[in-house]
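Below: one structure, written as structure tokens.
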Amino acid sequence: MLELAYVREHLERVKKSFHDRGLGGAGLDEFMARDQERRDAITQVETLKAERNRASGEIGRLKKEGQDASALMAQMKETSARIKQLDKRAAELDQEMKDFLLTVPNLPHQSVPVGRSAADNAEVRRWGEPPKFDFEPKAHWDLGPALGILDFERASKIAGARFVLYSGLGARLERALANFMLDLHTRKHGYTEVLPPFIVNSTSLVGTAQLPKFAADLFKLEGTDYWLIPTAEVPVTNMFRDETLDADQLPLKLVAWTPCFRSEAGSYGKETRGIVRQHQFQKVELVKFVRPEQSYEELESLTREAETVLQQLGLPYRVVALSTGDLGFAAAKTYDLEVWLPGENGYKEISSCSNFEGFQARRAGIRYRLPGKKKSDYVHTLNGSGLAIGRTWMALVENYQQADGTVVVPEVLRPYLDGIERLERNR
RNA sequence: GGAGGGGUGCCGGAGUGGUCGAACGGGGCUGCCUGCUAAGCAGUUGCACUGGCUAAAACCGGUGCCGCGGGUUCGAAUCCCGCCCCCUCCGCCA
């Protein structure tokens, strides 16, 4: 969320942000008109309240002295009625403005390439060479079922479309990947592991900005205020909602392995094959709370930390900086990691690393205080996948496939799979 | 799910209709003191919105905030209603 005062004073910058993101600037001018109306109403009602407060004190004094206060009381009864009316109007305007502010996207950082869509994203760097095969490489949706480690039919019987069942070595590979990633981030990158609730309330979702705009992307539990998390970002960022952290706790780095649930409403017909786009998947998520002046170096290191997973697994990838047209609602800047997929002969997003600056912190009330300083300030929040496990599974199977349909297990993963060197049928 | 208790400032903890933004204690900050530290003394101590001043602050004023939302009243931390959360006991359960 942008601060009201900021929008008021930097209207042109906000309008430019809307434009760069490919949104109409509509609403902003009306918003400013509302702002003026609201401030006028507040001035008026506060004057009346001040008058009432004075009179109430006077009434108390008169009564104490045994004097008659009924005239003043009658007068204040009218004033109170008037206040009630004006208060209601001011509250309405206030609510309208808050609702609007919650739908205003974050301002893109100056370094973000201006563009209309993903086509305008800027490639930052590449790592690794796509493997060369002397046979026609298969997609994971052929390899997996053939190895008996992936079962789409039964998943769809149990739940429906866009679910998958991992079986045998497939399930163990998923778990091995999660453990490998968690170990890497906790042992080498200084993250603290947390295991949060997988269900959150709507306040938490407003805090990280999935609500109010993106309810359609989420699963809600009927008859409750509970929602399945679309990413660990939500519970982990909200750990410190309405809290003030000590500056010496920062940067605070947390890693969580959770399932993620996404309704993918409106995406039917898109990426229906394989495990690319599922209603449920697992992800190891990195979350940082940092001091504002450090957030951009922290974004770089966060991205590098996510990249380390791919490097250690030997999976070729590239890093792209999202353009303004592709940038998420809450993000000021985002790097996507895209892994090489032989089955698609192209790169596919496997991690998204973002700096939200104070956008989430303001919504969620996450502050920090410097020792000895009175005034607190909002932290900057960042997060990134480190990595999406389902997509890593998929990339690994495709990149390490052999002519005979088996899959070689990368060295670093073998300790997590009882030393197994190869995924074969009937294991 | 049932019964009971409770939610007050950074923390502990008073406060049952007016003089309460809130006693008292602790902590923090500032100054004094001190070779340094501790102790001691004095002062100070939240957030949001809003008006004035301003380049912007500082600053000065106003309003609101004692879990959240309503209500009663001239006036509510204090009374009434609804909701949320926490604790204890019982039941159930991995």
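Chain letters run A, B, ... following the sequence lines, proteins first, then strands; residues in each count from 1.
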Whether A:Asp120 side chain and A:Ser117 backbone form a donor-acceptor pair below 3.5 Å
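Checked: pair present.
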Report yes or no: does A:Thr324 contribute a side-chain atom to a donor-acceptor pair with the main-chain N or O of A:Asp20 at less than 3.5 Å?
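At least one qualifying donor-acceptor pair exists.
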Side chains of [X] and [Y] only: does a donor on one sit below 3.5 Å from an acceptor on the other?
X        : Y        : answer
A:Lys220 : A:Ser202 : no
A:Ser204 : A:Arg241 : yes
A:Glu357 : A:Tyr378 : no
A:Arg52  : A:Ser80  : yes
A:Glu305 : A:Tyr191 : yes

Provide the distance between the two [atom1] atoms, one in [N] and one in [M], to the nearest whole Å.
N     : M     : atom1 : result
B:U34 : B:G27 : P     : 23 Å
B:C47 : B:A42 : P     : 26 Å
B:C59 : B:C66 : C1'   : 28 Å
B:G46 : B:A23 : P     : 13 Å
B:G17 : B:U72 : C1'   : 11 Å
B:G7  : B:U78 : C1'   : 15 Å
B:G5  : B:A58 : P     : 47 Å
B:G69 : B:U8  : P     : 16 Å

What integer distance in Å separates [X]:[atom1] from [N]:[atom2]?
X        : N     : atom1 : atom2 : value
A:Asp40  : B:U63 : CG    : C1'   : 16 Å
A:Leu93  : B:G64 : CG    : C1'   : 17 Å
A:Ile83  : B:G71 : CD1   : P     : 14 Å
A:Arg54  : B:G75 : CZ    : P     : 16 Å
A:Asp94  : B:C65 : CG    : P     : 14 Å
A:Asp242 : B:C47 : CG    : P     : 15 Å
A:Asp87  : B:U73 : CG    : P     : 16 Å
A:Lys98  : B:C49 : NZ    : P     : 9 Å

For this output row, return yes or no: ring centroids of A:His380 and A:Tyr296 closer than 6.0 angstrom.
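Centroid separation for A:His380 and A:Tyr296: 6.0 Å or greater.
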Which nucleotide, if any, forms a Watson-Crick or G-U wobble pair with [N], using both distances under 3.5 Å?
N     : answer
B:C53 : none
B:A48 : B:U63
B:C93 : none
B:U19 : none
B:C41 : B:G31
B:U88 : B:A3

Short side-chain N/O contact from [X] to OP1 or OP2 of [N], under 4.0 Å:
X       : N     : result
A:Asn53 : B:U63 : yes
A:Arg39 : B:C49 : no
A:Ser80 : B:G75 : yes

What contact category does [X] fall into here, base, sugar-phosphate, or nothing, at under 4.0 angstrom with non-hydrogen atoms?
X       : result
A:Arg52 : sugar-phosphate
A:Ile42 : sugar-phosphate
A:Ala50 : sugar-phosphate
A:Met76 : sugar-phosphate

Kindly point out which of [options] is positioned nearest to the side chain of [X]?
X        : options             : value
A:Lys63  : B:U63, B:C74, B:U50 : B:C74
A:Arg8   : B:A48, B:U50, B:C74 : B:U50
A:Arg367 : B:C74, B:G51, B:C47 : B:C47
A:Lys84  : B:U50, B:U72, B:U73 : B:U72

Assuming nearest nucleotide by heavy-atom distance, tell me which of A:Val45 and A:Tyr378 is located more 5' along RNA chain B.
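Residue closer to the 5' terminus by nearest nucleotide: A:Tyr378.
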Pairwise 5' ranking along RNA chain B for A:Ala5 and A:Gly57, keeping only the more 5' one:
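Nearest-nucleotide comparison on RNA chain B picks A:Gly57.
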